[in-house]
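Single-structure report; data block below.
Each chain gets a letter, A, B and so on, in the order its sequence line appears, and its residues count up from 1.
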Amino acid sequence: MRWSQAFIPTLREAPSDAEVASHIFLLRAGYIRQLGAGIYSFLPLAWRSLLKIQNIVREEMDTIGQEFHLPAIHPAEVWQASGRYQLMGGNLFRLKDRFQRDLCLGMTEEEVMAVIASKELRSYKQLPQIWYQIQTKFRDEPRPRAGLLRVREFIMKDAYSFDVDEAGLDLSYQKHDRVYRQIFDRCGLRYVSVEAHSGAMGGSQSQEFMVLGDAGEDMVALCQNCQYAANLEKASGHPAAVEDPATQAAPEEFPTPGLHTIADLAQFTGEPSGRLAKSLVYNVEGEIVLVLVRGDDEASEAKLGTAFGGREFRPAHPEEIVEHMGTPPGSVGPLHFAKPVKIMADQALRGRSNLTVGANRDGFHIRHVTPGVHFQPEWVDVRELRTGDLCANCSHPLQVSKAIEVGHIFKLGRKYSIAMGVKVLDAQGGEVIPIMGSYGIGMERILTAAIEQNHDKDGFWLPAAIAPFDTIIVPTNLGDTNIEVLSRQIYDRLRAAGRDVLLDDRDERPGVKFKDADLIGIPTRITIGKKAAQGIVEITDRATKTMREMPASDL
RNA sequence: CGGGGCGUGGCUCAGCCUGGUAGAGCACCUGGUUCGGGACCAGGGGGUCGGAGGUUCAAAUCCUCUCGCCCCGACCA
């Protein structure tokens, strides 16, 4: 491609509404333009890159499955059948057709694939199946952000597996794990695979592929010693130990006038906050539950969801706390309820003794309270892990980092098979319900993550496999016949050799061309300048900005 | 949805407080000189100041409503 014929609208300055590096550079490099909140147009450079990413995904997926192309617009009935028409709430785009029939835009396609499976699959002999597509997804996100990182319309590779039994699902899952690694390797990403929270959908195992970076919205915990890596929604580890008094004393109520926070209490009692137990009260589908965590810990929303068995929950209202605890928030504890309440306690409190807790009496707390002795909790893992906690496997310190989720694989179970009536006959002639897996990769996320991990103040560089062009040729002065002729020769020769080359044949000064070349993500630059007469050109590696000269004939 | 910020030529912004008929840099067009890290000179085109209503002799500027975008949070298969 010759730049003079191309549409590459680069910007000298960053538009004011971009803050994240990938967002700034995608705009400045002329890759994308915004149409609305979380809605972007892909310009030619972005589309070339996204097509290369999609082709890598397609080539790898074709080794284990078959490509479909499903509708993006769905009758509401399909989503009503699985119950997700309600469950997805505002995130599902909804519309009506001319006959006032309800429709929605696909945000994922378990239901549609399951509809096909239910109508077409008859025998266990047809399984396993791995079906995938690369297609636009729509999600009415409450808050789109950071350019392409979180958008309302995006391109996803979504795949679904159907197996007769769990052993088959394990295999399909492993195939995706392997293929995903090949995809991300080929895309040149540095990534980690982490254990993920399966969510309330009843999945049994789930794994996310994460690219570390501050722009990310997820938090992952990584052990620097062993291979342990998990999303913070799932990660467990041991907090630093806190010393308790050796001998068990009797619970003793004492006045704590006006003290309602852990920090106030720690200061007042002279004890570290880890010696206190923090009491949180939740309404779990109408049931009031008291959750205790160590005073210096925070409860994780995702882990609470798991602890509550996937039931809906919210923090209890103050009136509910008064009704059940007999005291307003601030003095709540596990003893002396006004009404019986279920107690859950975080594992970090297991084996602890002589803790200080709320007295369920305004202005009072109780010291010398020992879980398991003075109250009987259900033990759960609900604490949010922090940097410096010790790995559950090997007791080395864990590091918590932000990360961008580029892929997610998980074992779905039979929820959609059952909902959509997928069933086949097994070898004995009995009906079995196939078990499903679900696997996704965000195309724009791969591009965004690559930019997040490969940029400097001047721009970014993409791995050659996903760059819009692998090489840019920069003639410094087209008025010089030697330069002009040599540039065109090299351009023709590289293209004939199958390279994806951009020739900057614009009538611009060298400085402008260099700045643009640094900006737009092309990994290799060939500069043709003063030594063209001797047949010498320069090769610059964008990532390192190292340059070497070589004869044009060696290219 | 709660909190904060911003809408003025394509981009970045000034002007608003204290009303008086819109400006800079970059970009763009023409001519010329230039040509290794975002050149220079001369000339030129382009803006219903997000929208609606109001106050006023007069509104980018003051008031009301409204739309949009960004950031933080809540939310997120």
Would you mind classifying the nucleic acid contact of [X] as base, sugar-phosphate or nothing, using non-hydrogen atoms under 4.0 angstrom?
X	result
A:Met547	nothing
A:Ala146	sugar-phosphate
A:Asp480	nothing
A:Arg28	base
A:Pro142	base
A:Ala18	nothing
A:Glu19	sugar-phosphate
A:Gly90	nothing
A:Pro475	nothing

So which nucleotide does [N] pair with, by the Watson-Crick or G-U wobble rule with both distances under 3.5 Å?
N	result
B:A77	none
B:U48	none
B:G19	none
B:U33	B:A39

Of the nucleotides [options], which has the atom closest to the [X] side chain?
X	options	value
A:Asp518	B:C71, B:A77, B:G37	B:G37
A:Phe514	B:G36, B:G38, B:C76	B:G36
A:Thr476	B:G36, B:U12, B:U34	B:G36
A:Phe410	B:C70, B:A77, B:U12	B:A77
A:Glu13	B:C35, B:U12, B:A77	B:U12

TODO: Fit a plane to each ring of A:His408 and A:Phe410, take the angle between them on a 0 to 90° scale, and name the class: parallel (under 30°), tilted (30 to 60°) or perpendicular (over 60°).
DONE: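 It falls in the tilted class, 30° to 60°.
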
- [ ] Quick one: sort the A:His74 and A:Trp79 rings into parallel, tilted or perpendicular, breaks at 30° and 60°.
- [x] parallel

Is any side-chain nitrogen or oxygen of [X] closer than 4.0 Å to OP1 or OP2 of [N]?
X	N	result
A:Ser16	B:C13	yes
A:Lys530	B:G36	yes
A:Arg12	B:C11	no

How many whole angstroms separate atom [atom1] of [X] from atom [atom2] of [N]?
X	N	atom1	atom2	value
A:Arg139	B:C76	CZ	P	13 Å
A:Arg33	B:C69	CZ	P	18 Å
A:His23	B:C11	NE2	C1'	14 Å
A:Asn477	B:G37	CG	P	13 Å
A:Tyr85	B:A77	OH	C1'	17 Å
A:Leu11	B:U12	CG	P	8 Å
A:Asp140	B:A74	CG	P	19 Å
A:Ile520	B:G38	CD1	C1'	15 Å

On the side chain of [X], is there an atom forming a donor-acceptor pair with the base of [N] - under 3.5 Å, no angle test?
X	N	answer
A:Arg150	B:C76	yes
A:Glu538	B:G36	yes
A:Gln34	B:G68	no
A:Arg525	B:G37	yes
A:Arg506	B:G38	no

[atom1] atoms of [N] and [M], separation to the nearest Å:
N	M	atom1	value
B:C67	B:G50	C1'	7 Å
B:G4	B:A74	C1'	15 Å
B:A39	B:A52	C1'	47 Å
B:C49	B:A24	C1'	16 Å
B:C11	B:G38	C1'	14 Å
B:C62	B:G25	P	26 Å
B:U21	B:A58	C1'	9 Å
B:G68	B:A22	P	30 Å

Distance-only criterion, 3.5 Å: show the donor-acceptor pairs between side-chain atoms of residues 18-26 of chain A and protein atoms not counting sequence neighbours.
{"residue": "A:Ser22", "atom": "OG", "partner": "A:Glu452", "partner atom": "OE2", "Å": "2.7"}
{"residue": "A:His23", "atom": "ND1", "partner": "A:Gly147", "partner atom": "N", "Å": "3.4"}
{"residue": "A:His23", "atom": "NE2", "partner": "A:Tyr40", "partner atom": "OH", "Å": "3.4"}

Open item on the list: Under a 3.5 Å threshold, yes or no: a donor from one side chain and an acceptor from the other, between A:Thr10 and A:Asp516?
Closed with: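 Indeed, the side chains of A:Thr10 and A:Asp516 share at least one donor-acceptor pair under 3.5 Å.
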
State whether [X] and [Y] are salt-bridged, where the test is any N-O pair (Lys NZ or Arg NE/NH1/NH2 against Asp/Glu carboxylate O) under 4.0 Å.
X	Y	result
A:Asp518	A:Arg525	yes
A:Glu141	A:Arg150	yes
A:Glu110	A:Lys415	no
A:Arg548	A:Asp541	no
A:Lys402	A:Asp214	no

Open item on the list: I'd like to know whether CG of A:Asp456 has more than 12 heavy-atom contacts from other residues, nucleotides or ligands below 6.0 angstrom.
Closed with: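 Yes, because the 6.0 Å sphere around CG of A:Asp456 holds more than 12 heavy atoms from other groups.
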
Open item on the list: For a quick check, with a 4.0 angstrom heavy-atom cut-off, what is the B/S/- contact string for nucleotides 40-46 of chain B, read 5' to 3'?
Closed with: -------

Open item on the list: Pick the closest RNA chain B nucleotide for A:Lys531 and for A:Val20 by heavy atoms, then say which residue is nearer the 5' end.
Closed with: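 Whichever sits nearer the 5' end wins; that is A:Lys531.
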
TODO: Could you pick out which residue, A:Asp17 or A:Arg143, lies toward the 5' side of RNA chain B when each is mapped onto its nearest nucleotide?
DONE: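 Result of the comparison: A:Asp17.
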
Open item on the list: Under a 3.5 Å distance rule, please check whether A:Asp470 uses its side chain to pair with a backbone N or O of A:Ala464 as donor and acceptor.
Closed with: no

